[in-house]
Amino acid sequence: MGFPIMMLLAASALFCDEATQTNVAPTGDALQGVWYLSGGEADGNVLSQAELKDGKLEIQGDHYTVMLAEIGKLEGTQKLGVAEDVKTIDATNETNGEKEKTCLGIYEVNGDEFRVILAPAGEARPTKFETAPGSGQWMHVWKRVK
């Protein structure tokens, strides 16, 4: 199974529609730094070792860079927020002129683990950390590089 380009924005990575925000947006400090891809799934399927290989995410401010062996380098911006009791992320890919494609998602940070799930551009924000067949959603689990 290959990575769809928008799946890689997970690093990706990250952000939310301001109209749905009910609380002050997180600062994103917990996401800053370098991460490696340790697990995930797409469309209800666990990512293979080939898909995980050399997966790297770097977050500086609101900018992210994702490197994946099968895809290459993707860059974009992220916007963090809070809707109800969930941390939200809106990730906008800026690679290959795709600035208008923003993916909505949710994320959580637990120590040195960052988990994010994103929907394809134009689709509703996921509500839980699991994907279903045919959903087009992808989830990445990132571990902080120390």
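Side chains are part of it too, since the values below use all heavy atoms of this structure and drop only hydrogens, waters and symmetry mates. Quick caveat: nothing in here was measured; it's all calculated off a predicted structure.
The minimum heavy-atom distance linking K128 with I117 is given by the pair O-CD1, 3.5 Å. What you find for A119 and C103 is that their closest heavy atoms are O-CB, 3.2 Å. Shown here for L68 and E51, the closest heavy-atom pair between the two residues is CD2-O, 4.3 Å. In terms of heavy-atom proximity, A121 sits nearest to K101 at CB-CB, 4.1 Å. Smallest separation of non-hydrogen atoms from G105 and P126: CA-CD, 3.8 Å. Looking at every heavy atom in both residues, V109 comes nearest to A30 through CG1-CB, 4.2 Å.
Note: L37 CG to L52 CG = 5.0 Å, rounded to the nearest 0.5 Å. Rounding to the nearest 0.5 Å places CG of L74 at 4.5 Å from OG1 of T95. Between the CD1 atom of I59 and the CZ atom of R144 there is a distance of 8.5 Å, given to the nearest 0.5 Å. Going from atom CG of L47 over to atom NZ of K53 covers 15.5 Å, rounded to the nearest 0.5 Å.
W142 places a side-chain heavy atom less than 4.5 Å from the side chain of V116. In this structure the side chain of H63 reaches within 4.5 angstrom of the side chain of E75, judged on heavy atoms. Using a 4.5 Å cut-off on side-chain heavy atoms (C-beta onward), D43 and T131 make no contact. Contact annotation: the side chain of E58 approaches that of Q60 to within less than 4.5 Å [non-hydrogen atoms, C-beta and beyond]. With a 4.5 Å cut-off on side-chain heavy atoms, I71 and V66 do not count as touching. The side-chain heavy atoms of D112 and K143, taken from C-beta on, include no pair separated by under 4.5 Å. In this structure the side chain of R125 reaches within 4.5 angstrom of the side chain of I106, judged on heavy atoms. Inter-residue side-chain proximity for R115 and M139 is flagged as met; some heavy-atom pair is nearer than 4.5 Å.
L80 and L118 fall within the same hydrophobic cluster, defined by Ile, Leu, Val, Met, Phe, Trp and Tyr side-chain heavy atoms under 4.5 Å apart, directly or through other members. Hydrophobic clustering of Ile, Leu, Val, Met, Phe, Trp and Tyr side chains at less than 4.5 Å, counting indirect connections, keeps W35 apart from M67.
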Assess whether side chain to side chain contact (heavy atoms under 4.5 Å, CB included) is satisfied between E108 and K87, documenting all intermediate values.
CA-CA 7 Å; E108 64 183 11; K87 291 179 182 176; 5.6 Å; no
Could you walk me through whether T92 and Y64 pass side chain to side chain contact (heavy atoms under 4.5 Å, CB included), step by step?
CA-CA 10 Å; T92 302; Y64 67 87; 5.8 Å; no
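Classification of the Y107-F114 ring pair by plane angle, with boundaries at 30° and 60°, yields perpendicular.
Here Y36 is tied into one hydrophobic group with V34, V145, each link being a pair of ILVMFWY side chains closer than 4.5 Å.
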